[in-house]
Amino acid sequence: MLEYFAIAISLFFAMNIGASGAAASMGVAYGAGAIKKAWQALLLCAIGVYSGAVLGGGEVVKTISSGIMPQEYITVKIVIIILISATSSLFFSNLLGIPLSTSEVTVGAVVGVGMAYKVLFVQSLLVIMSFWVIVPLIAFVIALICGKLLYKLQHRGLLKDHPILTVLLVLAGFFEAFSAGMNNVANAVGPLVGAGMMDVTIGIMLGGAFVAIGAILLGKRVLETNGKKIMRFQKAEGILISSTGALLVGISSIFGLPVPLTQVTSSSIIGMGMAKNGKQIFHKHIVKKIIRIWVVSPIFSLAISYFLVQLFLEKDLYAIILNGSIIVGTLGVISLMRTMREEEQSIYDAGEGI
């Protein structure tokens, strides 16, 4: 019975991955106007994601299933805890329309379990976390440099809008979706494979199918966020952004590294925005919100999985009280900071002091 429950959670997680990955892959083509309707962008995303999962998703599955903590610790109950922790983080982000890294929340959830049992492969974890920083940073730099070159060519009249750009942009978006399938499907089915509930081939085929379904049914809000709310795209800009994401994530997937596709794409978008508008791109509220979510998400899923292990498996009362105290304290600090900002704003609006 628990196995069926774990599989159900995994497939629900896969659908949320599809919703989040939709923005990261086809959002740029949609925002640049190469694809006019949202459902068309989401359908192409679904096809690309499933193809990437089936043809190249195996290496990252192996990393998630046995590369962060010993595979013998991954039982059905542990799988359920990992998936609940990761799914809750991703589900809340999709409700808010924020493109979130499924790699971060999944690895965070696995790390929480590993910390509870003190069995983490620390060196492997540090390698993965370093690439969470390195790959988006490379994407930002590439977009910034190439973006400045692109705008110079445009100002000199050397780069005209041409129908071939539309085709190239859609292809770039499709291959970015393909790379998302290679990398992100493992986040849903990797724990199942680690627990021996299914083999890698069945896992990526089943997970890929539900990621595709999630992209079509749940992906519109996140598609709009990446495609329209961060900045408006020209087609040449979109080709550069999508190609950067597809290349970097595809290479990472070949080496079995779970990297944050949404961060790579969003970093490329911000780099392109800086090349065009300067530092004022960082003043946009949606960019600040995305950066905060990036930081909070893996910590959130880590805390949930650690807490659930201590509560239901280890039954460690002291650890439960400690975690609860940290959560309550953190929420209290956030509430206090929000109250202070509102008070400062009200004083400013009234033109008065205390």
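The first residue in the sequence is number 1, and the count goes up from there.
With hydrogens and angles disregarded, a donor-acceptor distance shorter than 3.5 Å links the side chain of Thr63 to the backbone of Gly256. Side-chain N or O atoms of Thr106 include none that pairs as donor or acceptor with a backbone N or O of Ser103 at under 3.5 Å. Judged by distance alone, the side chain of Ser301 and the main-chain N or O of Ala86 form no donor-acceptor pair under 3.5 Å. Under a 3.5 Å cut-off, the side chain of Ser305 and the backbone N or O of Ala109 do form a donor-acceptor pair. Between the side chain of Asn183 and the backbone N or O of Leu257 there is at least one donor-acceptor pair closer than 3.5 Å. A distance-only check finds no donor-acceptor pair linking the side chain of Ser10 to the backbone of Ala6 [under 3.5 Å].
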Inset, instruction - Show your working on side chain to side chain donor-acceptor pair (under 3.5 Å) between Tyr151 and Gln234 and close with a plain yes or no. - result: CA-CA 11 Å; Tyr151 296 129; Gln234 299 174 10; over 6 Å; no

Legend entry - Glu3/Leu192 under side chain to side chain contact (heavy atoms under 4.5 Å, CB included): CA gap, chis, key distance, verdict: CA-CA 9 Å; Glu3 290 189 358; Leu192 299 179; over 6 Å; no

Inset, instruction - Determine, step by step, whether Val193 and Asp199 satisfy the side chain to side chain contact (heavy atoms under 4.5 Å, CB included) criterion, reporting the C-alpha distance in whole Å, the side-chain angles of both residues, the deciding distance to 0.1 Å, and the verdict. - result: CA-CA 6 Å; Val193 173; Asp199 61 27; over 6 Å; no

Inset, instruction - Could you check Ile78 against Tyr117 for side chain to side chain contact (heavy atoms under 4.5 Å, CB included), going step by step and ending with a plain yes or no? - result: CA-CA 11 Å; Ile78 290 297; Tyr117 289 110; 3.7 Å; yes

Legend entry - Intermediate values then yes/no, side chain to side chain contact (heavy atoms under 4.5 Å, CB included), Val113 and Ile82: CA-CA 7 Å; Val113 173; Ile82 291 171; 3.8 Å; yes

Inset, instruction - Could you please spell out the steps behind the side chain to side chain donor-acceptor pair (under 3.5 Å) verdict for Gln40 and Tyr30? - result: CA-CA 9 Å; Gln40 295 172 337; Tyr30 177 66; over 6 Å; no

For residues 309-316, tabulate all N or O donor-acceptor pairs below 3.5 Å that involve a side-chain atom, not counting sequence neighbours.
{"unit_1": "Gln310", "atom_1": "NE2", "unit_2": "Tyr306", "atom_2": "OH", "d": "3.4"}
{"unit_1": "Lys315", "atom_1": "NZ", "unit_2": "Phe312", "atom_2": "O", "d": "3.0"}
{"unit_1": "Asp316", "atom_1": "OD1", "unit_2": "Tyr318", "atom_2": "N", "d": "3.2"}
{"unit_1": "Asp316", "atom_1": "OD1", "unit_2": "Ala319", "atom_2": "N", "d": "3.2"}

Can you give each donor-acceptor pair under 3.5 Å made by side-chain atoms of residues 127-142, sequence neighbours left out, with the distance rounded to 0.1 Å?
{"unit_1": "Ser130", "atom_1": "OG", "unit_2": "Leu126", "atom_2": "O", "d": "3.3"}
{"unit_1": "Ser130", "atom_1": "OG", "unit_2": "Val127", "atom_2": "O", "d": "2.6"}
{"unit_1": "Trp132", "atom_1": "NE1", "unit_2": "Pro258", "atom_2": "O", "d": "3.1"}

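Under the 4.5 Å side-chain criterion, counting only non-hydrogen atoms from C-beta, Val211 is not in contact with Met15. The shortest distance between side-chain heavy atoms of Glu104 and Gln263 falls below 4.5 Å. Taking the side chain as every heavy atom from C-beta outward, Phe13 and Leu83 approach each other to under 4.5 Å. Contact annotation: the side chain of Val249 never approaches that of Asn184 to less than 4.5 Å [non-hydrogen atoms, C-beta and beyond]. Counting heavy atoms from C-beta on, the side chains of Phe175 and Ser242 never come closer than 4.5 Å. A heavy-atom distance below 4.5 Å is not found between the side chains of Met274 and Ile270. With a 4.5 Å cut-off on side-chain heavy atoms, Phe174 and Ile47 count as touching. With a 4.5 Å cut-off on side-chain heavy atoms, Tyr50 and Met205 count as touching.
When hydrophobic clusters are built by joining Ile, Leu, Val, Met, Phe, Trp and Tyr residues whose side-chain heavy atoms come closer than 4.5 Å, directly or via intermediates, Met115 is grouped together with Tyr73. Cluster membership check: Ile80 does not share its hydrophobic cluster with Tyr4, using side-chain heavy-atom separations under 4.5 Å among Ile, Leu, Val, Met, Phe, Trp and Tyr. The hydrophobic clustering, which links ILVMFWY residues whose side-chain heavy atoms are closer than 4.5 Å, places Val122 and Ile64 together. Connection of Val200 to Met69 is established within a shared hydrophobic cluster, with ILVMFWY side chains joined at heavy-atom distances below 4.5 Å, either directly or through further cluster members. There is a path of hydrophobic side-chain contacts, each under 4.5 Å, that joins Val189 to Ile213.
With values rounded to the nearest 0.5 angstrom, Lys220 atom NZ is found 12.5 Å from Trp39 atom CH2. Within the model, atoms CD1 of Ile17 and CG of Asn187 stand 5.0 Å from one another, a figure rounded to the nearest 0.5 Å. Cys146 SG to Met272 CE: the interatomic distance, rounded to the nearest 0.5 Å, is 7.5 Å. From Ile74, atom CD1 reaches atom CD of Gln71 across 6.0 Å, with rounding to the nearest 0.5 Å. Atom CG of Leu42 sits about 10.0 Å away from atom CG of Leu218, to the nearest 0.5 Å. For the atom pair Ile35 CD1 and Cys45 SG, the distance stands at 9.5 Å (nearest 0.5 Å).
Across Val79 and Ala195, no two heavy atoms sit closer than the pair CG2-CB, 3.5 Å. Across Gly147 and Ala275, no two heavy atoms sit closer than the pair C-CB, 3.9 Å. Across all non-hydrogen atoms, the minimal contact from Leu223 to Ala38 is CD2-CB, 3.8 Å. Considering every non-hydrogen atom in both Val61 and Gly57, the closest pair reads CG2-O, 3.3 Å. Here the shortest heavy-atom pairing between Ser85 and Leu308 reads OG-CD1, 4.1 Å. Taking both residues in full, the closest heavy atoms of Thr201 and Ile204 are given as O-CG1, 3.3 Å, listed atom of the first, atom of the second, then distance.
Between Lys62 and Glu59 a salt bridge is recorded (basic side-chain N to carboxylate O distance below 4.0 Å).
For Leu206, the side chain to side chain contact (heavy atoms under 4.5 Å, CB included) partners two or more places apart in sequence, or in a different chain, are Leu11, Met198, Phe210.
More than 12 non-hydrogen atoms from other residues, nucleotides or ligands lie less than 6.0 angstrom from CD of Glu72.
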